[in-house]
Amino acid sequence: MGFFFFASRAAARFLGEARISHPGVSTAALLLTAASGGGLVAYADSAAENASEPSQEAPKKKVVVLGTGWAGTSFLKDLDCSKYEVKVISPRNYFAFTPLLPSITCGTVEARSIVEPIRRMFEKKKKDVTFYEAECFKIDASKKAVHCRSAVGTNFDGNGDFIVDYDYLVVALGATLNTFNTPGVMEHCYFLKEVEDAQKIRRNVIDCFEKASLPNISEEEKRRILHFVIIGGGPTGVEFAAELHDFLVEDLVKLYPAIQDFVKITIIQSGEHILNMFDQRIAAFAEMKFKRDGIEVNTGFRVVKVSDDLITMKSKSLGEVSVPYGMAVWSAGIGTRPVIMDFMQQIGQTNRRVLATNEWLRVHECDGIYAIGDCASITQRKIMEDISTIFEMADKDNSGTLTLKEINDVLEDICIRYPQVELYMKSMHMLDTRDLIKDAIGDSHKESMVVDIEEFKKALRHVDSQVKSVPATAQVAAQQGHYLAKCFNKMDQCKEQPEGPLRMTGLGRHNFRPFRYKHLGQFAPLGGEQAAAELPGDWVSMGHSTQWLWYSVYASKQVSWRTRMLVVSDWTRRFIFGRDSSRI
C-alpha cells in the first residue's frame with residue numbers, strides 16, 4: 001500500500017519537516033495541513049507502518065504434572081519446556097531410584113545416594129519449571145483445575161490449600177499400598193514403597209538384634225524377635241529377603257555372635273511359586289538357592305490376620321496356621337490412591353483399580369488429561385470391534401472382497417493401531433498376509449486368494465487373544481513418560497502433518513503413533529553375589545556373572561552422575577568395610 005499523493009514540492013517538504021519536528025503528531029493531521037497549503041493529498045494507511053510495532057506472542061499452554069516418580073520425572077526430562085508453562089506438584093521434592101530400596105534396608109546403599117532433588121534436575125537441564133511441594137487431593141476436570149494442599153506450611157487463610165488451573169494435565173501419581181483389607185496389616189507391618197519406609201525397616205532390623213541381645217530375654221522370645229517375615233514373593237519381597245540374609249551372614253554374625261542361631265527369615269507367598277512374573281527357570285533357581293541359604297519359603301499361603309506378635313495364614317491343605325514373628329514386611333501388591341478413586345468416580349470409571357487410558361495415554365472421555373505410570377492402564381482397542389470398518393476401508397474398489405494387495409496396503413496401519421495382530425502372527429509363525437488368511441479362505445476363493453467379510457473375520461478372530469496389559473513397573477512408567485514428552489514436543493507439528501496410523505473410525509490419520517511398550521528385561525538379585533535376569537529374546541541368565549551385569553545396568557540407569565558416583569562408592573565401601581549397623 002503506502003502513501004500516494006500529488007502535491008506541490010512545498011507541501012511535500014512541509015510534510016517531511018513536520019514529521020521530524022513533531023513526531024507525536026498523527027500522519028493524518030500532517031497530511032491535512034499539507035493539503036491546506038494548496039496541494040491535493042491522497043492517503044492510504046500502510047501495513048508497513050504497523051509492522052514496526054512489537055507483536056504479542058500467544059500465551060503458552062499450561063502443563064501441570066502431578067508426581068515426581070518414574071513416569072513424571074521421565075516426562076519432565078524429555079519435555080521441551082520452552083513451548084509450555086510447566087508446573088510440577090508433588091509431596092516429595094526429589095526423585096528416588098526405587099529398584100534400590102531393598103539395598104537401603106540393610107545399609108548396602110545409603111538413602112541419599114539414590115535420590116536426586118527435583119529442582120536440581122531442572123536447574124541442570126536449564127528448564128523453566130515451577131515446582132510446588134504439595135499433594136493433590138482433587139482433580140476437577142470440568143473446570144480444568146487441580147486442588148492441592150501444601151506439604152510444608154499454610155497460606156494466609158490459615159490452611160495450605162490452593163488451586164492450579166491447566167490446559168494439559170499429566171497424572172503420574174503412582175500407586176499406594178494394597179492390604180486387601182487384611183486385619184492388622186496397617187498397624188503392625190512395615191512396607192517398602194518409599195525411601196522413608198526403607199529407613200524405618202533399617203532401624204527396626206537393628207532394634208530387633210539389640211533387643212534380642214538383652215540379658216532378660218528368654219530363648220523363645222529371642223526366636224520370636226529375630227523371626228523376619230516377608231509377606232509377598234514378588235521382586236520386592238525376594239530382594240529384601242536376599243539383602244537381609246546377606247546382612248546377617250556377612251556382618252551381623254560378627255557383631256551378634258551369641259544370637260545368630262536364633263535368626264530366621266520366612267517368605268509367605270499366596271501363589272505356587274515366588275517370582276511368578278519371571279520365567280519358571282528363574283523361580284525354580286531362586287527357590288533352590290533360598291532353600292540352601294536357610295530362607296523358608298511358604299507358598300500357597302494367604303495371610304488372613306496380623307497381630308502384634310502373631311501372623312495367621314491359611315492354606316487349602318493345612319487350614320489356618322499362626323506363627324510368631326518379630327518383624328513383618330508387607331509387599332503383596334499395590335492399590336489406588338484416594339485422589340485417583342475420586343477422579344474415577346467423577347468421570348464414570350467406577351469399579352476399576354486404575355485409570356483407563358487409550359493407546360495414546362489420554363484418559364477416556366477427558367480432554368487434555370493424560371495418565372502414566374502405576375496409576376493408569378492402557379485399554380487396547382480390539383480389532384474385532386472395528387473389523388467391518390477395516391474391511392470397508394481396505395475395499396477401495398467396493399467389490400465386496402479383499403485381495404492380498406488391498407490387505408497389504410493397510411496392513412502396516414493395522415499393525416500399528418492393533419499391535420496384537422503382529423504378536424499373533426509371530427506366535428503362530430506366520431511370515432506374511434498369505435499365511436494369515438489362507439486357512440480362512442473358502443474353496444471358491446482358494447485360487448484367487450481373495451476374502452469376503454466373513455472370511456476376513458474368520459482370519460482375525462483369534463488375534464485379540466494376544467491383547468496384553470503392561471505390568472506396573474518402573475520400566476513401563478519411564479517409557480510412557482518418554483513417549484508422552486515426545487508427543488507434547490511435536491504436538492503442533494503433528495496436527496498439520498500427522499504421523500500416526502489411519503483412523504479406522506474416522507477420516508485422516510491419528511496425530512501420533514500409539515504407545516508401544518518395549519520390554520528390556522528384568523533382574524532379581526538373590527543374594528550371595530548372585531542374581532537372575534530375564535532378557536529379550538527368551539534369554540535367561542543366573543549366577544555370579546548376572547550379578548555384575550545387574551551392577552552395571554543399575555549404575556548406568558541412575559538419573560545423574562552424582563547419584564551414579566554415590567551408588568558405586570556405596571557398593572565399594574560395602575565390599576571393603578561391610579555394612580554400617582548403627583541405628584541412626
Side-chain angles (χ1 to χ4, degrees), residues 102 105 175-193 197 201 204-205 208 211-212 217-245 248 261-336 351 353 472 524 526-527:
T105 61
T176 187
L177 306 165
N178 189 357
T179 65
F180 303 99
N181 297 319
T182 306
V185 171
M186 294 299 297
E187 295 82 2
H188 304 294
C189 289
Y190 289 82
F191 306 97
L192 199 48
K193 281 288 291 179
D197 296 333
I201 292 174
N204 195 69
V205 169
C208 288
K211 185 177 181 180
I217 303 297
S218 65
E219 289 192 1
E220 182 181 356
E221 185 67 5
K222 288 179 181 179
R223 294 186 188 279
R224 183 192 70 80
I225 294 172
L226 295 177
H227 186 195
F228 300 93
V229 179
I230 298 98
I231 304 166
T236 301
V238 167
E239 288 178 36
F240 172 63
E243 282 282 354
L244 184 60
H245 178 265
L248 170 66
D261 295 334
F262 299 106
V263 182
K264 182 180 180 182
I265 302 172
T266 301
I267 297 176
I268 301 175
Q269 166 71 345
S270 60
E272 294 302 318
H273 298 281
I274 60 175
L275 298 176
N276 51 17
M277 70 290 301
F278 282 76
D279 188 278
Q280 292 182 355
R281 292 167 289 179
I282 291 178
F285 178 79
E287 290 174 359
M288 289 177 59
K289 184 182 183 305
F290 281 177
K291 185 177 181 180
R292 292 195 304 268
D293 292 341
I295 299 175
E296 184 175 316
V297 178
N298 294 327
T299 57
F301 282 89
R302 180 172 60 89
V303 173
V304 295
K305 182 181 178 182
V306 180
S307 64
D308 59 348
D309 60 353
L310 286 176
I311 292 178
T312 303
M313 51 187 178
K314 186 177 182 180
S315 74
K316 294 181 180 179
S317 58
L318 299 178
E320 287 194 1
V321 178
S322 296
V323 294
Y325 75 99
M327 177 181 175
V329 175
W330 182 275
S331 63
I334 58 175
T336 311
N351 301 322
R353 186 178 60 84
L526 302 174

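Computed over heavy atoms, backbone and side chain alike; hydrogens, waters and symmetry mates excluded.
- Interatomic distance, Tyr325 OH to Cys189 SG, rounded to the nearest 0.5 Å: 6.0 Å.
- At least one side-chain heavy atom of Ile334 sits under 4.5 Å from a side-chain heavy atom of Lys193.
- Between Ile311 and Val303 there is a side-chain heavy-atom pair separated by less than 4.5 Å.
- Using a 4.5 Å heavy-atom cutoff, the side chains of Val329 and Phe240 are in contact.
- More than 12 heavy atoms of other shown residues, nucleotides or ligands fall within 6.0 angstrom of atom CD in Glu187.
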Under the criterion side-chain contact (heavy atoms from CB on, under 4.5 Å), I'd like the reasoning laid out for Phe290 against Ile265: C-alpha separation, chi angles, the key distance, then a yes or no. CA-CA 10 Å; Phe290 281 177; Ile265 302 172; over 6 Å; no
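- Phe180 contributes atom CZ, which lies 6.5 Å from atom CH2 of Trp330 (distance to the nearest 0.5 angstrom).
- Atom NZ of Lys314 has 12 or fewer neighbouring heavy atoms from other residues, nucleotides or ligands inside a 6.0 Å radius.
- Residues Ile230 and Gly237 share a closest heavy-atom pair of CG2-CA, 3.5 Å.
- The salt bridge (Lys or Arg N to Asp or Glu O under 4.0 Å) test applied to Lys264 returns Glu296, not counting sequence neighbours.
- Going from atom CD of Glu239 over to atom CG of Leu275 covers 8.5 Å, rounded to the nearest 0.5 Å.
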Is there a side-chain contact (heavy atoms from CB on, under 4.5 Å) between Val297 and Gln269 once you walk through the steps? CA-CA 8 Å; Val297 178; Gln269 166 71 345; 5.5 Å; no
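- Expressed to the nearest 0.5 Å, how far CD1 of Ile274 lies from CD1 of Ile282 amounts to 11.0 Å.
- Taken from CZ in Phe191 to OG1 in Thr179, the straight-line distance is 7.0 Å, to the nearest 0.5 Å.
- No more than 12 heavy-atom neighbours from other residues, nucleotides or ligands sit within 6.0 angstrom of NZ on Lys305.
- In this structure, Asp308 places its CG atom where more than 12 heavy-atom neighbours from other residues, nucleotides or ligands lie under 6.0 Å away.
- In terms of heavy atoms, Ile295 sits closest to His245 at CD1-CB, 3.9 Å.
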Step by step, work out the salt bridge (charged side-chain N to carboxylate O under 4.0 Å, His left out) result for Glu221 and Arg224. CA-CA 5 Å; Glu221 185 67 5; Arg224 183 192 70 80; 2.6 Å; yes
Determine whether Ile231 and Met313 satisfy the following criterion, side-chain contact (heavy atoms from CB on, under 4.5 Å), listing intermediate values before the conclusion. CA-CA 10 Å; Ile231 304 166; Met313 51 187 178; over 6 Å; no
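- For the residue pair His273 and Glu287, a side-chain donor N or O sits within less than 3.5 Å of a side-chain acceptor on the partner.
- Among all heavy-atom pairs drawn from Pro102 and Thr236, the shortest one is CG-O, 4.4 Å.
- Between Gly527 and Ala242 the shortest heavy-atom distance is N-CB, 3.5 Å.
- Using a 4.5 Å heavy-atom threshold, the side chains of Ser322 and Thr312 count as touching.
- Of all the heavy atoms in Gly300 and Ser315, the pair that sits closest is O-CB, 3.4 Å.
- With rounding to the nearest 0.5 Å, the separation of CD1 in Ile225 from CD in Glu220 is 11.0 Å.
- Nearest approach of Pro235 to Phe278, heavy atoms of both residues: CG-CE1, 3.9 Å.
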Run the side-chain contact (heavy atoms from CB on, under 4.5 Å) check on Met327 and Ile201 step by step: do they pass? CA-CA 9 Å; Met327 177 181 175; Ile201 292 174; 3.2 Å; yes
